[in-house]
Every structure is written in structure tokens, then in C-alpha cells.
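Reviewing the structure listed below.
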Amino acid sequence: MHTRTNTVKIGQTLIGDGHFALIAGPCSIENKEILSETSKSVQNSGANLLRGGIFKLRTSPNSFQGLGSEAFEAVRLAKEETGLPFISEVTDPRQISDLMPLLDAFQVGSRNMHNYELLKELGKTDKPIILKRGFSGLIKEWILAAEYITSAGNDQVILCERGIRTFETATRNTFDINAIAYVKENCSFPIIADPSHGTGKTSLVKPISLAAIAAGADGLMIEVHPQPAQALSDGFQTLNFNEFQSLVHHVKQMLPLFSKTLEA
Ligand code: PEP
Ligand code: MN
């Protein structure tokens with residue numbers, strides 16, 4: 001039984017050991033205006049970290065692939081306006097040097113959990129890494145993937161459960177609540193939950209968020225957009241501003257029961 005959770009600091013926001021991370025923002029950055037509006041709204045509701053996809057790994061090559069470097073200016077503006085740290089996915093080691101001055105943490109997506117060369121390169125940086133679970137990854141493989149990063153010298157790793165592929169098709173993925181409790185018991189990396197990808201359904205995001213907190217999660221990552229139905233990716237699992245505010249209201253009621261605090 002691991003009684004100690006390492007803490008990881010993203011910008012000035014501490015995560016783990018009772019400090020809760022509430023990460024929110026759009027699946028993909030679409031333009032400056034939407035990112036700015038979303039960032040300000042989620043901050044007002046209580047988010048202490050921002051997210052937004054720059055390089056997207058989509059199942060279909062015909063789907064929106066993200067703005068790439070054209071999104072950099074939008075990120076700078078959102079950071080300046082809110083003062084909040086920004087997290088985005090790195091999909092290729094060749095992006096690291098350009099993303100380094102822009103981001104406060106790198107996300108490794110589900111499709112790259114097994115990309116050991118990427119993990120080793122990220123291990124040479126001093127940025128925190130949010131390592132998502134591969135959708136076919138065993139918990140054991142996921143922890144070993146995290147050790148690729150720590151072995152290369154970077155111990156600032158946070159695990160993120162985002163659902164796995166099972167025989168069930170009613171939901172996009174099967175959120176593995178066991179994984180949260182198991183990781184808390186067996187290793188010292190902080191673990192956060194992504195109920196947006198974990199369920200693939202807006203209406204399920206709140207109940208699974210609250211269940212993840214009960215299981216011991218050190219944070220949540222939630223997709224938010226002003227008009228989910230118009231979003232260029234993952235609108236079907238995205239919360240609008242009111243829905244996010246309502247989620248935060250319930251999260252704030254639950255956190256004290258689990259000795260966790262949400263700091264601005
Ligand atoms: C994301 O967070 O936008 C994302 C693509 O997630 P995942 O890698 O878990 O599919
Ligand atoms: Mn998404």
C-alpha cells in the first residue's frame with residue numbers, strides 16, 4: 001500500500017497529496033476567440049489548469065487534425081488572460097522544442113502510451129507529463145510506460161485514466177474506475193480521470209467525475225466548448241459552460257469528504 005502520493009507541479013498548481021487538479025478546455029483549439037472565451041469561463045467556474053489540442057491524433061485522416069503551430073498564438077493569449085498553466089498533447093518528438101516554451105505540461109495521448117521513443121525524449125525534459133492510458137493498455141504496462149519517463153530523469157509524471165476498449169459498445173470507452181483505486185494503492189504517481197473520453201457522452205461526464213473522486217482521483221480533465229454541437233472534435237462528449245459550472249459545484253461539495261482541496 002502506497003501511503004504517499006508524489007506531488008507534481010504544473011506552473012504554480014500543485015497536484016497530488018490532497019491538491020486537486022481541475023483541467024478544462026476544448027478538445028481542439030479552433031481559433032483564438034473560442035479558446036479565450038472558454039478559458040475565461042472555466043477559470044471563473046473553478047478550473048485551475050487549461051487544456052486544448054494543438055496536434056490531434058484522429059482515427060480518420062479526413063477528420064480535423066488540429067491547427068498545429070497556428071494555434072500557438074491562441075495559447076499565448078489564453079495564458080496571458082487567465083494566468084493559468086496550459087496543457088496540450090505532444091504527438092511526435094520533433095514537436096518538443098517548439099512546444100517547450102509554450103506549454104506548462106505535455107500530454108501523451110492514449111495512442112502514444114506505447115511510443116517509448118517519445119517517452120524517453122520527454123524524460124529528458126523538465127516539464128511535467130500527463131500520461132494517458134492506452135485504450136488497450138494494461139495497468140502494469142501503463143506504469144512501466146511512466147517508468148520510461150522517470151528512468152530518463154523526469155519524475156514529474158501524472159497518470160490519466162481515459163477509458164479502455166472492452167466488449168461494451170453502449171459507451172465510447174469503458175471508464176476503468178478500478179484503475180484509479182488500484183494506482184492509488186500500488187504506486188505513488190498522482191492519477192487523474194478523463195471522463196470525457198472515458199464515457200464519450202456528455203450526460204455521463206458528471207456521474208463518472210464524481211465516482212472518480214470517490215475512487216481517489218487527484219484531478220479531472222474535462223472537455224468544454226461554448227457550443228459543443230458545433231465543435232470540430234468530440235462535441236458529443238463535451239460540456240457547455242453551464243454544464244461545467246454545475247459539475248464544479250458538485251465536485252466542490254465532494255472534495256472535502258476526501259480531504260482534497262481545489263486551489264485557484
Ligand atoms: C485528448 O485528450 O484530446 C485526447 C485525444 O485524448 P486520448 O489520447 O485519451 O484519446
Ligand atoms: Mn477529445
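Predicted model, so just to flag it, every value in this text is computed and none were measured. Both counts, for ligands and for their atoms, begin at 1 and track the order of listing.
- The N, O or S atom of Asp234 lying closest to the Mn ion (ligand 2) is OD2.
- With respect to Lys32 and Glu73, no salt bridge is recorded, no charged nitrogen being found less than 4.0 Å from a carboxylate O.
- Judged by distance alone, the side chains of Arg58 and Gln65 never bring a donor and an acceptor atom under 3.5 Å apart.
- Of all the listed residues (Glu89, Lys132, Arg172, Glu161), Lys132 holds the heavy atom that lies closest to atom 6 (O) of ligand 1.
- Protein heavy atom at the shortest distance from atom 1 (C) of ligand 1 is His197 CE1, 3.3 Å.
- Residue Gly109 has at least one heavy-atom neighbour below 4.0 Å for each of these atoms of ligand 1: 8 (O).
- Atom 2 (O) of ligand 1 has its nearest heavy-atom neighbour, among Arg111, Arg51, Met221, Arg133, in Arg51.
- Numbered from 1 in the order shown, with element, the atoms of ligand 1 that lie under 4.0 Å from a heavy atom of Glu223 read 3 (O).
- Using a 4.0 Å cut-off between charged nitrogen and carboxylate oxygen, Asp194 and Arg51 do not count as a salt-bridge pair.
- Angle SG(Cys27) to the Mn ion (ligand 2) to OE2(Glu223), rounded to 10°: 90°.
- Taking CZ from Phe106 and CG from Leu99, the interatomic distance works out to 5.5 Å, rounded to the nearest 0.5 Å.
- Just one residue in the list Asn154, Asn112, Ile149 forms a side chain to side chain contact (heavy atoms under 4.5 Å, CB included) with Leu119, and that residue is Ile149.
- Side chains of Gln95 and Thr91: a donor on one and an acceptor on the other come within 3.5 Å.
- Relative orientation of the Phe55 and Phe72 rings is perpendicular, given thresholds of 30° and 60° on the angle between their planes.
- Side chains of Ser246 and Lys206: a donor-acceptor N/O pair is present below 3.5 angstrom, by distance only.
- The nearest heavy-atom contact from the protein to atom 9 (O) of ligand 1 is Arg162 NE, 2.7 Å.
- The N/O atoms of Lys56, backbone and side chain alike, include one that comes under 3.5 Å of an N/O atom in ligand 1.
- Close approach of ligand 1 to Ser110 (heavy-atom distance below 4.0 Å) involves ligand atoms 7 (P), 8 (O), 9 (O).
- Within ligand 1, counting atoms from 1 as listed, the ones closer than 4.0 Å to a heavy atom of Gln107 are 1 (C), 2 (O).
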